[in-house]
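Chain naming here is simple, since letters A, B, ... match the order of the sequence lines and numbering starts at 1 in each.
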There are 2 protein chains.
Amino acid sequence: MPRKRPTINDVAQASGVSRGTVSRVLNGQANVSLAAELAVRRAVSETGYVVNRAARSLKTSRTGSIVMVLSEPQERLFEDPNFSVLMRVATNQLAERDMSLVLMIADDVGGRERVARYLRGGHADGILLISTHADDPLLEAIERSQVPAVACGAVLGRESVIPYAAADDRGGARQATEYLVDRGRRRIGMITGPLDTPGGSLRMEGFTSVLGRKVTKRMVVHGDYTQAGGERAMHRLLEAFPNLDAVFVASDLMAAGALQALHAAGRSVPGDVAVAGFDDSAIATATNPMLTTVRQPLDTIAEETVRLLIALLDEQDVQSVVLPTELIVRESA
Amino acid sequence: MPRKRPTINDVAQASGVSRGTVSRVLNGQANVSLAAELAVRRAVSETGYVVNRAARSLKTSRTGSIVMVLSEPQERLFEDPNFSVLMRVATNQLAERDMSLVLMIADDVGGRERVARYLRGGHADGILLISTHADDPLLEAIERSQVPAVACGAVLGRESVIPYAAADDRGGARQATEYLVDRGRRRIGMITGPLDTPGGSLRMEGFTSVLGRKVTKRMVVHGDYTQAGGERAMHRLLEAFPNLDAVFVASDLMAAGALQALHAAGRSVPGDVAVAGFDDSAIATATNPMLTTVRQPLDTIAEETVRLLIALLDEQDVQSVVLPTELIVRESA
DNA sequence: TTGAAAGCGCTAACAG
DNA sequence: CTGTTAGCGCTTTCAA
């Protein structure tokens with residue numbers, strides 16, 4: 001017969017002090033005698049006491065949970081290497097503070113409405129945003145909710161209001177582009193991501209900053225971070241810019257699609273066309289040839305993101321961080 | 001100045017009824033006059049009232065949250081197509097019942113301990129397990145916690161105690177193997193998953209059930225569901241069984257690794273060796289050649305899993321479900 | 001340093 | 001059908 005869950009009263013009784021003292025021990029407050037503290041700790045482990053969060057939350061009006069809001073459509077999310085890393089890091093770091101991670105998907109009106117209600121209901125102490133687009137309607141609800149938010153990857157246009165940790169997208173793109181140039185490529189095209197994401201616009205900026213005024217409209221096409229989109233984009237690029245000898249693709253997944261398109265068009269890689277990707281995700285070693293790509297320090301990004309949020313919850317001042325990338329040379333360029 | 005969040009009292013006042021009646025309306029109970037109900041609904045939207053879950057939870061001792069426990073190591077989880085689908089479906093379905101999804105990672109001692117504490121603390125109304133291994137120490141903690149649990153994919157050895165929804169792994173493996181046989185392949189090897197997972201043992205059973213006593217030890221090697229593992233396994237298989245003309249691989253990711261190994265060994269696919277995968281995950285179309293593979297109805301599996309859990313929470317009787325797979329023929333076999 | 005006591009906002013049992 | 005009421009388990013004054 002499973003006994004009823006012990007409450008703080010049981011602990012108080014077992015340790016011979018009052019509820020108040022137990023609470024003080026539990027919350028690590030100073031004004032407690034060593035004897036009392038020891039007695040309480042013993043009683044806690046004897047009784048198997050675990051704090052009732054609902055009761056605590058009712059009293060403190062803090063919930064002990066953080067929402068991670070996913071506003072990407074499904075396909076992208078799934079392929080997003082940021083995602084799983086961030087999730088793991090966040091879960092672990094938050095657990096250390098006895099907080100938990102609630103997941104919400106907000107890629108349609110209903111989802112956004114739910115998130116807004118959730119925040120309005122005060123059900124979360126903080127918000128973790130991941131690859132959020134510049135014009136996401138959710139951002140307004142988030143601001144209105146007054147709940148502290150941080151982002152993994154900058155939220156374009158809100159860089160100053162939503163602290164973030166991110167890779168140096170511009171620098172990484174520059175690395176890849178310079179590498180292509182150094183290898184003697186002269187007619188370099190690019191497939192970008194959606195321009196309302198940092199990976200979309202900043203990686204394009206990095207690309208054009210290297211090539212300067214040599215970049216023309218026909219050399220750049222826009223993709224959507226999906227593999228099929230990358231394939232289509234590559235076809236378009238080949239049409240607009242048939243004699244290209246290299247392409248920088250803003251994500252590995254799109255690069256995999258581009259590889260297929262090149263293959264279908266009878267171009268050899270890297271012989272005819274060199275291909276460089278971005279992310280260094282799992283797929284980069286699954287393609288043939290394997291992708292030369294730009295690695296982001298995902299672990300660090302994730303850790304920093306969570307660190308920012310925790311600092312924010314503690315009402316400390318926070319500063320966004322941008323982390324360096326690394327070019328990983330494989331076979332495709 | 002953001003006003004304090006309205007409580008049920010504010011709604012009661014605004015609608016001219018008592019707290020009790022408001023609560024009844026909110027919880028959809030029958031004994032309420034139409035007039036009262038209307039007044040309450042109006043007051044709710046006027047005041048912007050959102051229920052305080054902590055208070056409700058304190059009273060009802062239900063928490064309104066479900067934990068999704070991930071016990072896979074990182075790499076696998078990330079590549080697991082089940083995962084994102086299940087997450088999305090779960091989030092949506094649960095949101096309809098005003099419940100939320102809490103994520104916990106339990107792939108080491110610390111993680112398991114946290115999950116156990118969380119459950120002991122009564123912080124969750126239900127548990128969603130995903131690709132849990134047979135001997136996972138967490139299972140004991142889960143059973144002890146008495147919290148209703150369901151699994152996405154059977155938990156070997158607990159099929160009768162933890163309801164699940166899953167693809168027909170055995171049948172799918174049979175489909176793939178029969179297809180290879182039908183294409184005239186005679187020397188067929190297999191790379192399995194870990195045998196303490198249903199995808200590991202059942203897919204192997206399907207394979208051997210087709211080939212019967214023709215299967216020998218040297219034709220089967222065991223992988224770990226990673227790409228690198230698939231590559232290693234293929235090398236071992238080529239060593240043990242050099243004249244094979246086909247291989248059935250228990251996951252697409254491992255199949256991608258196998259493709260690399262075959263390529264390195266100078267075997268053409270499907271010319272020298274036909275390759276069939278399992279999952280029909282994103283990577284199946286990213287390889288060259290693209291993978292012939294077995295598709296699992298992930299959406300349905302996820303939906304069914306969540307449906308089972310909800311039924312369990314409602315104290316209905318539940319029955320595990322096994323869903324049919326489909327062979328997707330592409331280029332590799 | 002500690003105990004006593006007042007609620008946090010809600011639901012459900014009871015009385016009407 | 002509806003109002004009243006008694007807590008759920010906890011934190012946090014306030015006194016001592």
Side-chain angles (χ1 to χ4, degrees), chain A residues 3-41 43-44 47-65 98-99 117-118 120-123 125, chain B residues 3-41 43-44 47-65 97-99 117-118 120-125:
Chain A
R3 291 174 35 67
K4 214 168 137 313
R5 229 144 55 67
T7 74
I8 200 171
N9 290 304
D10 301 320
V11 177
Q13 201 152 32
S15 56
V17 301
S18 72
R19 287 215 305 275
T21 301
V22 175
S23 175
R24 282 183 277 262
V25 171
L26 259 30
N27 293 286
Q29 289 181 18
N31 317 325
V32 179
S33 68
L34 189 60
E37 172 163 359
L38 257 34
V40 169
R41 296 214 180 286
V44 164
T47 55
Y49 171 77
V50 180
V51 65
N52 179 325
R53 283 197 193 199
R56 170 181 285 175
S57 172
L58 182 56
K59 188 65 191 176
T60 61
S61 67
R62 264 168 289 117
T63 64
S65 58
D98 243 303
M99 307 191 72
R117 270 245 317 287
Y118 195 81
R120 243 190 14 245
H123 298 327
D125 298 341
Chain B
R3 291 174 37 65
K4 217 170 136 312
R5 232 143 53 68
T7 75
I8 200 172
N9 290 303
D10 301 320
V11 177
Q13 199 152 32
S15 57
V17 300
S18 72
R19 285 215 308 274
T21 301
V22 174
S23 175
R24 282 184 277 265
V25 171
L26 259 31
N27 293 287
Q29 289 181 18
N31 317 325
V32 178
S33 69
L34 189 61
E37 171 162 359
L38 258 36
V40 169
R41 297 215 178 285
V44 164
T47 54
Y49 171 77
V50 180
V51 64
N52 180 326
R53 284 199 192 196
R56 170 180 286 174
S57 172
L58 184 55
K59 186 65 194 177
T60 61
S61 66
R62 263 168 289 115
T63 64
S65 56
R97 318 212 0 153
D98 244 303
M99 305 191 74
R117 269 246 316 288
Y118 195 80
R120 247 197 2 251
H123 298 327
D125 298 341

Step by step, work out the side-chain contact (heavy atoms from CB on, under 4.5 Å) result for B:Q13 and B:T47. CA-CA 11 Å; B:Q13 199 152 32; B:T47 54; over 6 Å; no
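Of all nucleotides listed (D:dT12, C:dT1, C:dC10), C:dC10 comes nearest to the side chain of B:N52. Of the candidate nucleotides D:dT12, C:dT11, D:dT2, C:dT11 has the atom nearest to the side chain of B:N27. The side chain of A:T60 sits closest to D:dT11 out of C:dC8, D:dT11, C:dT2. Here C:dT11 is the nucleotide among C:dG3, C:dT11, D:dT11 with the atom lying nearest to any side-chain atom of B:R19.
Of the two residues contacting DNA chain D, namely B:A30 and B:A55, the nearest-nucleotide position lying further toward the 5' end is that of B:A30. Take the nearest nucleotide of DNA chain C for B:S23 and for A:E37: the residue whose nucleotide is more 5' is A:E37.
If you measure from atom CZ of A:R56 to atom C1' of D:dT12, you get 13 Å, rounded to the nearest angstrom. Protein atom CZ of A:R62 is 17 Å distant from nucleotide atom P of C:dC8, rounded to whole Å. In this structure, A:R24 places its CZ atom 20 Å from P of D:dG9, rounding to the nearest Å. Here C:dG9 presents its C1' atom at 15 Å from CD of B:Q13, a figure rounded to the nearest Å. Taking atom NE2 on B:H123 and atom P on D:dG9, their separation rounds to 13 Å, with Å as the unit. Following rounding to the nearest Å, B:N31 (CG) and C:dA13 (C1') show an atom-to-atom distance of 13 Å. Atom C1' of nucleotide D:dC8 and atom NZ of A:K59 are separated by 14 Å, given to the nearest angstrom. Computed from coordinates, the B:Y49 OH to C:dG9 C1' distance equals 7 Å when rounded to whole Å.
Side-chain contact between A:V17 and A:V40 is present, with heavy atoms from C-beta onward closer than 4.5 Å. When side chains are defined from C-beta on, B:L26 counts as touching B:I8, because their heavy atoms get closer than 4.5 Å.
No donor-acceptor distance shorter than 3.5 angstrom exists from the side chain of A:S15 to the backbone of A:A36, with no hydrogens or angles considered.
The base of C:dG9 lies outside donor-acceptor range of the side chain of B:R5, with no N or O pair under 3.5 Å.
For A:T21, a side-chain nitrogen or oxygen approaches OP1 or OP2 of C:dG3 to under 4.0 Å. Side-chain N/O atoms of A:S57 include none lying less than 4.0 angstrom from OP1 or OP2 on D:dC10. Phosphate contact (OP1/OP2 of D:dG9, side-chain N/O of A:T7, threshold under 4.0 Å): absent. The phosphate of C:dA12 has OP1 or OP2 within less than 4.0 Å of a side-chain N or O from B:Q29.
B:R53 comes within 4.0 angstrom of nothing in the nucleic acid, heavy atoms only. As judged by a 4.0 angstrom heavy-atom cut-off over every strand, B:A36 is placed among residues touching the sugar-phosphate backbone only.
Counting non-hydrogen atoms of neighbouring residues, nucleotides and ligands closer than 6.0 angstrom, the CZ atom of A:R120 exceeds 12 such neighbours.
Counting all heavy atoms, side chain and backbone alike, B:R5 lies closest to B:N52 at NH2-ND2, 4.0 Å.
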